[in-house]
Amino acid sequence: MTNNIPVELEVLAPRSESLRFLKHGWPDPLCRWHSHKECEIHLLVASHGKAFVGDYIGDFGPGSLFLTGPHLPHNWITDDAYSDPVGLRDMVIQFDQDRLLTLMQAFPEFNSLMAMLEQAQSGIEFVGIDPEHVQALIEASFDASGTAQVMPFLELLLHMSRHAEKRSLSVQKLYHNERSAKQLRITEVVDHVVKNYAEDMSVQMAADMAGMSPATFSRSFQTVTGNRFVEFVNRVRIGQACGMLYATDDQVTTICFQVGFQNLANFNRHFLAKKGMTPSAYRETARRELTRADLAMAVETAQ
DNA sequence: ATGGACACCTCTTACGCGCA
DNA sequence: TGCGCGTAAGAGGTGTCCAT
């Protein structure tokens, strides 16, 4: 999907090590809306706030664990209620996905990681994972060097891949890996929704496009995408509205109609349900974040 | 701009069936 | 056995109006 949100690109210097470790507190100039080609394991150790991954916004707290794929923009903003600085808020491991793919080619035993890497294209939250074990593995990898650094990291990846509840976050690339004839027809509909979200979208129209009855389409769509059709359409529209709220000064009413909603009350209702805040509150929050990114860049430039 | 109330309508889902 | 269809009931989404 297209997204108008300006994203800061983080370029990581080439290194002899395959892993990059970061620990930071809050506030920290490194905490900003950005993307990079590396995958990122992100463990929140302290504080509560909002997670921004692609077009997703959700809550995080101590023990929240996320995995973001290549070039997926992200940030974690601690709530304003936490006015006191936090010494250690985040533990981060960044790694090159291509290295893992090479590993899987050499050792098929690691192929179980493939599904998780594909799901990470849209971001994953590992709901209910044991944070102490995760933190211990990150610490073990962080404190080691050479090959000893890699083993706890691989154990962590395998532990994450085996975790049952992996919640996909952004609508981006949700339909990435569908291949059967039925899945391809559903994927065509998904593409159409993503590209034409502002147009009228009914199950009847979508079913016609997929060559199915509405009831069959409804079942197939949920099987393939994990979403109900109406929920998916609204999610795409809300995601696009987020970008417009962030990047333009258009009125909420204008954006509501631009993304395909037929009335403002319905738009507000869905926006609040999906984002946990009103459109105007979202705009305020998102722009405060942009200001933080600008300040961080200004600090780095001055140094 | 936001959110509540309400009536209406669309969509989802379960079930049974036929077809390949 | 798997897939798709038709039907019907209930759930949930939508549009409108209005108050704040």
Side-chain angles (χ1 to χ4, degrees), chain A residues 1 4-5 49-50 52 55-59 77 79-81 115 165 167-171 174-291:
Chain A
M1 66 179 286
N4 296 324
I5 300 174
K50 294 288 182 192
F52 295 72
D55 65 346
Y56 168 84
I57 296 180
D59 295 323
I77 305 296
D79 288 342
D80 288 342
E165 193 170 353
R167 181 192 296 159
S168 288
L169 302 179
S170 173
V171 297
L174 269 179
Y175 52 96
H176 180 68
N177 193 33
E178 312 305 345
R179 290 194 177 89
S180 74
K182 183 182 79 174
Q183 289 170 333
L184 284 173
R185 280 188 282 168
I186 296 295
T187 299
E188 286 178 15
V189 174
V190 170
D191 279 333
H192 179 80
V193 171
V194 169
K195 290 172 183 169
N196 303 281
Y197 55 86
E199 298 178 2
D200 282 345
M201 296 285 172
S202 67
V203 166
Q204 181 65 59
M205 177 278 296
D208 289 345
M209 185 180 293
M212 302 175 184
S213 68
T216 300
F217 173 79
S218 187
R219 279 190 293 266
S220 300
F221 192 88
Q222 187 153 9
T223 300
V224 171
T225 70
N227 296 260
R228 293 176 180 172
F229 178 71
V230 172
E231 286 178 352
F232 179 80
V233 171
N234 286 335
R235 193 175 174 185
V236 170
R237 287 173 170 168
I238 294 295
Q240 195 62 27
C242 287
M244 292 181 179
L245 287 163
Y246 188 93
T248 76
D249 289 325
D250 291 348
Q251 289 186 335
V252 172
T253 306
T254 305
I255 291 172
C256 157
F257 292 111
Q258 282 178 342
V259 299
F261 283 91
Q262 299 303 309
N263 73 87
L264 189 57
N266 200 33
F267 174 66
N268 286 333
R269 196 155 45 210
H270 281 293
F271 198 99
L272 182 63
K274 287 183 169 50
K275 299 299 181 186
M277 64 183 82
T278 64
S280 58
Y282 176 87
R283 171 174 272 162
E284 185 181 345
T285 301
R287 289 192 171 168
R288 188 168 64 234
E289 163 53 8
L290 176 63
T291 302

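Residue numbering restarts at 1 for every chain, and letters A, B, ... go by the order of the sequence lines. Keep in mind that the numbers below use all heavy atoms, side chains included, and drop hydrogens, waters and symmetry copies.
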Of the listed nucleotides (B/dT2, C/dG13, B/dC11), which one gets closest to any side-chain atom of A/P279? B/dT2

Over how many whole Å does the gap from A/F267 atom CZ to C/dG15 atom P extend? 13 Å

Nearest-0.5 Å distance that lies between atom CZ in A/F267 and atom CG in A/N234: 10.5 Å

Look at A/N268 and B/dG4 and indicate whether a side-chain polar atom (N or O) is within less than 4.0 Å of OP1 or OP2. no

Gap between atoms CG and P, on A/N234 and C/dG12 respectively (whole Å): 15 Å

CZ of A/F229 versus P of B/dT12: gap in Å, rounded? 8 Å

Give the rounded distance in Å between these two atoms: CZ of A/F261 and P of B/dT2. 14 Å

Would you mind reading off the distance between A/F257 atom CZ and C/dT14 atom C1', rounded to a whole angstrom? 13 Å

